[in-house]
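Below is one structure, written out as structure tokens; comments come after it.
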Amino acid sequence: MNPLVVYYSKKGSNKYLAERLARELQCEVEAIRPRLNLFALLALFGAIKMSPGIAPLRHDPGSFDRIVLCGPIWMGQLISPLRDFLKRYRASITKLYFATCCGSSDEDKDGTFGYATVFPRVRAIVGEKCVHCQAFPIGLVLDGEDKNKGDAVMKTRLSDSNFTGAIEKRSTAFVEKVSS
Ligand SMILES: Cc1cc2nc3c(=O)[nH]c(=O)nc-3n(C[C@H](O)[C@H](O)[C@H](O)COP(=O)(O)O)c2cc1C
């Protein structure tokens, strides 16, 4: 059975990552559609751990042996569209791989807003079904000083022109993990 890539993206980087992973894994990709897709509300729902939920996926996650879930991190939270997806489908997920294109770097991963604070939240919902969590920090596509500049990190989007070098290597290793 093929994997299925599922994603939520507001500004496009996680959409790019999801589509790229799906192309390499030669599988289908589908966007999560929150019932209320308003950024301010989604950010609030992430923090208060309540939300109006997501529309049903067109694909049945139970028909796939591996699910790759992609999405951003906001304010150190597992954002509500990703959390809603995991809660809604956890019973039918066999193996989960989580990937995030995020603003925090490998150096900052353990801070309040670091990606490593979100990985245990994914595992808390799906338990041992979560095989691997991988961050794709946007700083990997920036040069020198820009890596540490908040505005450069927030403005940059993944694209064919910058998905090279360290981030491409990380993606190749991730695809190998999902495929093995
Ligand atoms: C309001 C806001 C809060 C954010 N908070 C975090 C954070 O706490 N940790 C982090 O690693 N990245 C954070 N980011 C950066 C996003 O995760 C990053 O820009 C991501 O690539 C956006 O994905 P998208 O283009 O798919 O929407 C934040 C971005 C926004 C807009």
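As the structure lists them, so they are numbered: ligands from 1, and atoms in each ligand from 1.
- Ligand 1 places these atoms under 4.0 Å from at least one heavy atom of Gly76: 7 (C), 8 (O).
- Here atom 22 (C) of ligand 1 lies nearest to Pro72 when heavy atoms of Ala116, Gly71, Pro72 are compared.
- Checked against a 3.5 angstrom limit, the closest N/O atoms of Gly12 and ligand 1 fall inside it.
- Per-atom contact check: atom 11 (O) of ligand 1 touches the protein, criterion being a heavy-atom distance below 4.0 Å.
- Contacts between Met154 and ligand 1 below 4.0 angstrom, taking non-hydrogen atoms only, involve the side chain exclusively.
- Cluster annotation: Ile125 and Val118 are assigned to the same hydrophobic cluster (Ile/Leu/Val/Met/Phe/Trp/Tyr, side-chain heavy-atom contacts under 4.5 Å, transitive).
- Salt-bridge annotation for Glu107 and Lys147: absent, with no side-chain N of the basic residue lying under 4.0 Å from a carboxylate O of the acidic one.
- Checking only distances, Gly114 never comes within under 3.5 Å of ligand 1, N or O to N or O.
- Between Phe113 and ligand 1, an N or O atom pair is found at a separation short of 3.5 Å.
- A tilted orientation is assigned to the rings of His132 and Phe174, their planes being inclined by 30° to 60°.
- Contact analysis leaves Tyr16 out of contact with ligand 1, as no non-hydrogen atom separation drops below 4.0 angstrom.
- For ligand 1, the polar-atom distance check against Lys10 finds a nitrogen or oxygen pair separated by under 3.5 Å.
- Protein heavy atom in closest approach to atom 16 (C) of ligand 1: Ile73 O, 3.5 Å.
- In this structure, the side chain of Arg66 does not engage the main chain of Ile93 through any donor-acceptor pair within 3.5 Å.
- The residues Lys149 and Asp146 are annotated as salt-bridged, a charged nitrogen and a carboxylate oxygen being separated by less than 4.0 angstrom.
- In terms of N/O distances under 3.5 Å, ligand 1 is approached by Lys11.
- Across Cys102 and Ile73, no two heavy atoms sit closer than the pair CB-CD1, 4.0 Å.
- Between the side chain of Lys129 and the backbone N or O of Arg90 there is at least one donor-acceptor pair closer than 3.5 Å.
- Distances from atom 4 (C) of ligand 1 to the heavy atoms of Tyr8, Trp74, Tyr7 put Trp74 nearest.
- Of all the atoms in ligand 1, the ones that sit under 4.0 Å from a non-hydrogen atom of Phe39 are 1 (C).
- If you number the atoms of ligand 1 from 1 as listed, the ones under 4.0 Å from a heavy atom of Gly103 come out as 10 (C), 11 (O), 12 (N), 15 (C), 16 (C), 17 (O), 18 (C).
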Practice prompt. Start with the C-alpha distance between Trp74 and Phe39, add both sets of side-chain angles, then the distance that settles ring pair (Phe, Tyr, Trp, His ring centres under 6.0 Å), and finish with yes or no.
Written response: CA-CA 10 Å; Trp74 297 335; Phe39 173 72; 4.5 Å; yes
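- Checking only distances, Lys15 never comes within under 3.5 Å of ligand 1, N or O to N or O.
- Taking 4.5 Å as the limit, every side-chain heavy atom of Arg33 sits out of range of all side-chain heavy atoms of Ile54.
- Taking 4.0 Å as the cut-off between side-chain N and carboxylate O, Glu24 and Arg20 count as a salt-bridged pair.
- Residues Val126 and Phe98 form no side-chain contact, since every pair of their non-hydrogen atoms from C-beta on lies 4.5 Å or further apart.
- Between Ser13 and ligand 1, at least one pair of N/O atoms sits closer than 3.5 Å.
- In terms of protein heavy-atom proximity, atom 26 (O) of ligand 1 is nearest to Ser9 OG, 2.6 Å.
- Between Leu82 and Ile79 there is a side-chain heavy-atom pair separated by less than 4.5 Å.
- Applying the 4.0 Å criterion to heavy atoms of Asn14 picks out, from ligand 1, the atoms 23 (O), 24 (P), 26 (O).
- The ligand atoms of ligand 1 that sit less than 4.0 angstrom from a heavy atom of Met75 are 3 (C), 4 (C), 5 (N), 6 (C), 7 (C), 8 (O).
- Among all non-hydrogen protein atoms, the one lying nearest atom 21 (O) of ligand 1 is Cys101 O, 2.9 Å.
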